[in-house]
Participant: 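Dropping the structure in here first, questions after.
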Amino acid sequence: MTMDTIPLFHNKNIILGVCGGIAAYKIAELASKLTQAGALVDVILTESATKFVGPVTFAAVSGRSALTDADLWRHDQHVPHVQLGEKADLLIIAPATANTLAKLAHGQADNLLSVTALAARGPIILVPAMDGGMWSNAATQANVAILRERGFHILGPALGRMASGLIGEGRMVEPAEMLGYARVVLGAKGQLAKRKIVVSAGGTQEAIDPVRFIGNRSSGKQGFAIAQAAIDRGAAVTLIVGAATLPTPYGAKRIDVETAQQMCEAVLAACRDADALIMAAAVADFQAAQLAAHKIKKTQDTVDFAIQLTRTPDILQAVKDQKEAIGKPPITIGFAAETQNLIENATAKLTRKGLDLIVANDVAAADAGFAVDTNRVTFIGAGGGVEPLALMSKAQVAERVLDRLIKLLG
Ligand code: PMT
């Protein structure tokens with residue numbers, strides 16, 4: 001696997017069904033992203049899709065042949081549509097036109113895509129795109145209701161500008177959202193299905209006056225990667241975020257906070273019915289003793305200026321108290337950001353905060369810790385056992401953390 005592959009997609013058979021709509025060209029991006037993620041992507045174009053974009057485009061990005069209705073009548077393969085449909089782990093139809101929705105709702109099978117959909121045994125995601133009037137038409141709505149009832153996943157359409165120039169509901173959702181949705185659907189029966197996991201990410205900010213704060217360099221990348229990886233394994237994820245501007249992983253319940261105190265309250269509340277907490281956030285240890293009501297001014301003769309600081313709540317300590325009182329969350333994993341004596345300092349935190357596992361982070365290295373895309377961590381377990389990991393992407397660290405979590409959850 002390369003750095004870009006996503007374990008959830010690795011060697012998964014995914015069929016992309018493309019119908020005739022102006023948004024068809026956008027599906028080349030989805031085909032490319034899924035292929036890069038490690039999926040085996042077969043594209044089926046309807047006759048009208050080929051008027052907007054050709055099979056060559058999809059073959060080029062997927063590295064596999066893209067199929068059209070001509071393939072339904074090939075002599076060199078035995079019922080290709082049945083084979084394709086039966087082996088598919090996931091079928092995504094985007095853009096799904098009113099015509100194709102009608103065919104699927106009524107079991108009509110007159111082109112390669114509709115017969116493949118009938119033969120499919122895995123989940124099917126439909127991503128409608130059409131003019132607002134066609135979407136709101138009673139016939140389309142009735143077809144969509146039938147499809148929903150039969151377990152098809154319907155994603156969108158979004159509100160926005162459509163090909164006709166009108167603003168309304170009918171726009172196809174973007175490929176990035178389709179990819180996120182596909183992760184939720186494919187991961188639904190994963191090892192963390194029915195588990196509730198709380199993840200914290202990003203740095204807290206402690207205000208000094210209305211314009212200044214004490215912060216840190218956490219970007220949220222490590223915590224967001226853990227949240228996404230947990231969704232890929234079927235978990236219900238609550239992501240509690242300090243300062244971080246990253247897009248929310250599809251399916252996560254995101255709670256934005258600013259200060260350590262706010263993060264503490266949000267974490268304790270979310271943990272009340274959670275199976276595990278993973279604290280990847282960089283939480284400020286100190287806050288201003290007094291918050292200035294107005295911007296602190298410098299005067300001509302200000303040379304030295306001191307701010308009195310006090311301790312913020314130790315969130316993991318509070319979680320330990322809650323766990324002792326109500327048993328929730330049963331598993332707690334912390335991180336330790338260290339610049340010296342990594343193992344000694346991290347082990348002390350593991351014991352003091354009553355953790356099941358600590359992920360020790362040598363943040364002095366340029367390629368690990370804050371804001372970069374890679375990380376180099378060492379796992380230290382409550383029962384002893386020190387496991388140093390090589391330098392890897394934060395997504396890969398996230399997978400390893402979850403492997404440990406699954407063992408802890410038993
Ligand atoms: O966000 P990125 O840019 O991707 O960077 C990732 C990271 C370096 C922030 C992350 O991998 C990491 O190491 N997070 C922990 C940072 C930290 O605050 O470490 P600490 O050693 O100060 O705290 C130890 C543990 O106690 C942490 O789990 C922390 O969340 C928690 N803590 C800290 C202070 C506090 N008041 N309450 C806490 O619960």
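Computed from a predicted model, the values in this text were never measured in an experiment. First listed ligand is number 1; within each ligand, the first listed atom is number 1.
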Participant: Among Lys407, Arg404, Lys323, exactly one meets salt bridge (Lys or Arg N to Asp or Glu O under 4.0 Å) together with Asp356. Which residue is that?
Facilitator: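 Of the listed residues Lys407, Arg404, Lys323, the salt bridge (Lys or Arg N to Asp or Glu O under 4.0 Å) partner of Asp356 is Lys323.
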Participant: List the closest protein heavy-atom neighbour of atom 5 (O) of ligand 1: residue, atom name, distance to the nearest 0.1 Å.
Facilitator: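 Going by distance alone, atom 5 (O) of ligand 1 is nearest to Gly369 O, 3.5 Å.
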Participant: After noting the C-alpha distance and the side-chain angles of Met279 and Val319, does the key distance pass the side chain to side chain contact (heavy atoms under 4.5 Å, CB included) rule?
Facilitator: CA-CA 11 Å; Met279 267 308 278; Val319 169; over 6 Å; no
Participant: Quick one: which of Ala284, Ala368, Ala281 has a heavy atom closest to atom 30 (O) of ligand 1?
Facilitator: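 Among Ala284, Ala368, Ala281, the closest heavy atom to atom 30 (O) of ligand 1 belongs to Ala281.
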Participant: Should one rank Gly202, Ala282, Ala360 by closest heavy-atom distance to atom 18 (O) of ligand 1, which comes out on top?
Facilitator: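 Nearest heavy atom to atom 18 (O) of ligand 1 lies in Ala282.
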Participant: Out of Glu399, Gln228, Lys33, Arg183, which residue meets the side chain to side chain contact (heavy atoms under 4.5 Å, CB included) rule with Ile6?
Facilitator: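 Considering Glu399, Gln228, Lys33, Arg183, a side chain to side chain contact (heavy atoms under 4.5 Å, CB included) with Ile6 is found only for Arg183.
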Participant: Short list, please: which atoms of ligand 1 are under 4.0 Å from a heavy atom of Ala336?
Facilitator: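 Contacts of ligand 1 toward Ala336, numbered from 1: 21 (O).
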Participant: Is a salt bridge present between Arg376 and Asp362, judged by a nitrogen-to-oxygen distance below 4.0 Å?
Facilitator: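 Between Asp362 and Arg376 there is no salt bridge, as every charged N stays at least 4.0 Å from the carboxylate O atoms.
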Participant: How far is atom 37 (N) of ligand 1 from its nearest protein heavy atom, and which residue and atom is that?
Facilitator: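 Closest protein heavy atom to atom 37 (N) of ligand 1: Ile315 N, 3.0 Å.
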Participant: Any chance the side chains of Asn111 and Ser114 put a donor and an acceptor closer than 3.5 Å?
Facilitator: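 The answer is yes; a qualifying pair exists.
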Participant: Note the single closest protein heavy atom to atom 23 (O) of ligand 1, along with its residue, its atom name and the distance in Å.
Facilitator: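 So the nearest neighbour among protein heavy atoms is Phe335 O, 3.8 Å.
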Participant: For Phe213, I'd like to know if atom CZ has over 12 heavy atoms of other residues, nucleotides or ligands within 6.0 Å.
Facilitator: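 For Phe213, atom CZ is not crowded (no more than 12 foreign heavy atoms under 6.0 Å).
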Participant: For the pair Lys295 and Asp209, find out whether any cationic side-chain nitrogen is under 4.0 Å from an anionic carboxylate oxygen.
Facilitator: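 Looking at Lys295 and Asp209, the cut-off is not met.
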Participant: Given Ala346, Pro313, Ala318, which one has a non-hydrogen atom that is nearest to atom 36 (N) of ligand 1?
Facilitator: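 That would be Pro313.
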Participant: Taking 4.0 angstrom as the limit and counting only heavy atoms of Lys221, give me the atoms of ligand 1 inside it, by number and element.
Facilitator: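 The atoms of ligand 1 under 4.0 Å from a heavy atom of Lys221 are 1 (O), 2 (P), 4 (O).
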Participant: Could you tell me if any non-hydrogen atom of Lys353 lies under 4.0 Å from any atom of ligand 1?
Facilitator: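 The answer is yes, since Lys353 has a heavy atom less than 4.0 Å from ligand 1.
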Participant: Give me the nearest non-hydrogen protein atom to atom 20 (P) of ligand 1 as residue plus atom name, then the distance to 0.1 Å.
Facilitator: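 Among all protein heavy atoms, the one nearest atom 20 (P) of ligand 1 is Lys349 NZ, 3.6 Å.
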Participant: Using a 6.0 Å cut-off, check whether atom CZ of Arg217 has over 12 heavy atoms from anything other than its own residue.
Facilitator: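 Open.
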Participant: Is the side chain of Arg171 donor-acceptor paired with the backbone N or O of Arg161 at a distance under 3.5 Å, no angle test?
Facilitator: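 Present.
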Participant: For Asp373 and Lys221, run salt bridge (charged side-chain N to carboxylate O under 4.0 Å, His left out): C-alpha distance rounded to whole Å, both residues' side-chain angles, the deciding distance at 0.1 Å, then the answer.
Facilitator: CA-CA 7 Å; Asp373 290 324; Lys221 285 181 181 177; 2.9 Å; yes
Participant: For atom 6 (C) of ligand 1, what is the closest protein heavy atom, and at what distance to 0.1 Å?
Facilitator: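 Answer for atom 6 (C) of ligand 1: Gln222 CB, 3.8 Å.
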Participant: Taking atom CD as the centre, does Glu324 end up with more than 12 heavy-atom neighbours from other residues, nucleotides or ligands that are less than 6.0 angstrom away?
Facilitator: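 Atom CD in Glu324 is packed in, count exceeds 12.
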Participant: Is Val363 close to ligand 1, meaning an N/O of one under 3.5 Å from an N/O of the other?
Facilitator: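 The answer is no, given that Val363 and ligand 1 share no N or O pair closer than 3.5 Å.
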Participant: To the nearest 0.5 Å, what is the distance between SG on Cys271 and CD1 on Ile197?
Facilitator: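 Rounded to the nearest 0.5 Å, the SG-CD1 separation comes to 10.0 Å.
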Participant: Decide if atom CD of Gln317 counts as having more than 12 heavy atoms of other residues, nucleotides or ligands within a radius under 6.0 Å.
Facilitator: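 More than 12 within 6.0 Å, yes.
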Participant: Using a 4.0 Å cutoff against the non-hydrogen atoms of Thr312, which atoms of ligand 1 qualify?
Facilitator: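 Ligand 1 atoms under the 4.0 Å threshold to Thr312: 36 (N).
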Participant: Is the contact between Asp285 and ligand 1 made by the side chain, the backbone, both, or neither, using heavy atoms and a 4.0 Å cut-off?
Facilitator: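 Asp285 to ligand 1: side-chain contact only, backbone stays beyond 4.0 Å.
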Participant: Are any of the N/O atoms on Gly334, whether in the backbone or the side chain, positioned under 3.5 angstrom from an N/O atom of ligand 1?
Facilitator: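 Not met; the criterion fails.
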Participant: Heavy atoms only, cut-off 4.0 Å: how does Asn361 contact ligand 1, side chain, backbone, both, or neither?
Facilitator: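 Just the side chain.
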Participant: Would Gly223 count as a contact of ligand 1 if the rule is a heavy atom under 4.0 Å away?
Facilitator: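 Per 4.0 Å heavy-atom rule, Gly223 does not contact ligand 1.
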Participant: Which of the atoms of ligand 1 are close to Gly220, meaning less than 4.0 Å from one of its heavy atoms?
Facilitator: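 Numbered from 1, ligand 1 contributes 1 (O), 2 (P), 3 (O).
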Participant: Considering only non-hydrogen protein atoms, determine which one is nearest to atom 14 (N) of ligand 1 and report residue, atom name and distance to 0.1 Å.
Facilitator: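 Of the protein heavy atoms, Ala280 O, 3.0 Å lies nearest.
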Participant: What part of Lys394, side chain from CB on, backbone N/CA/C/O, both or neither, has a heavy atom under 4.0 Å from ligand 1?
Facilitator: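 Only the side chain of Lys394 comes within reach of ligand 1.
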Participant: Could you tell me whether Glu149 atom CD has more than 12 heavy atoms of other residues or ligands within 6.0 Å of it?
Facilitator: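 For Glu149, atom CD is not crowded (no more than 12 foreign heavy atoms under 6.0 Å).
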Participant: Once you restrict to heavy atoms under 4.0 Å, what part of Leu316 touches ligand 1? Side chain, backbone, both or neither.
Facilitator: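 It is both parts that get close, each with some atom under 4.0 Å.
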Participant: Just jot down the ligand 1 atoms closer than 4.0 angstrom to any heavy atom of Ala371, in number order.
Facilitator: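 Counting from 1, the qualifying ligand atoms are 2 (P), 3 (O).
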Participant: Any idea which protein heavy atom is nearest atom 19 (O) of ligand 1, and the distance to it?
Facilitator: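 Of the protein heavy atoms, Ala337 N, 3.3 Å lies nearest.
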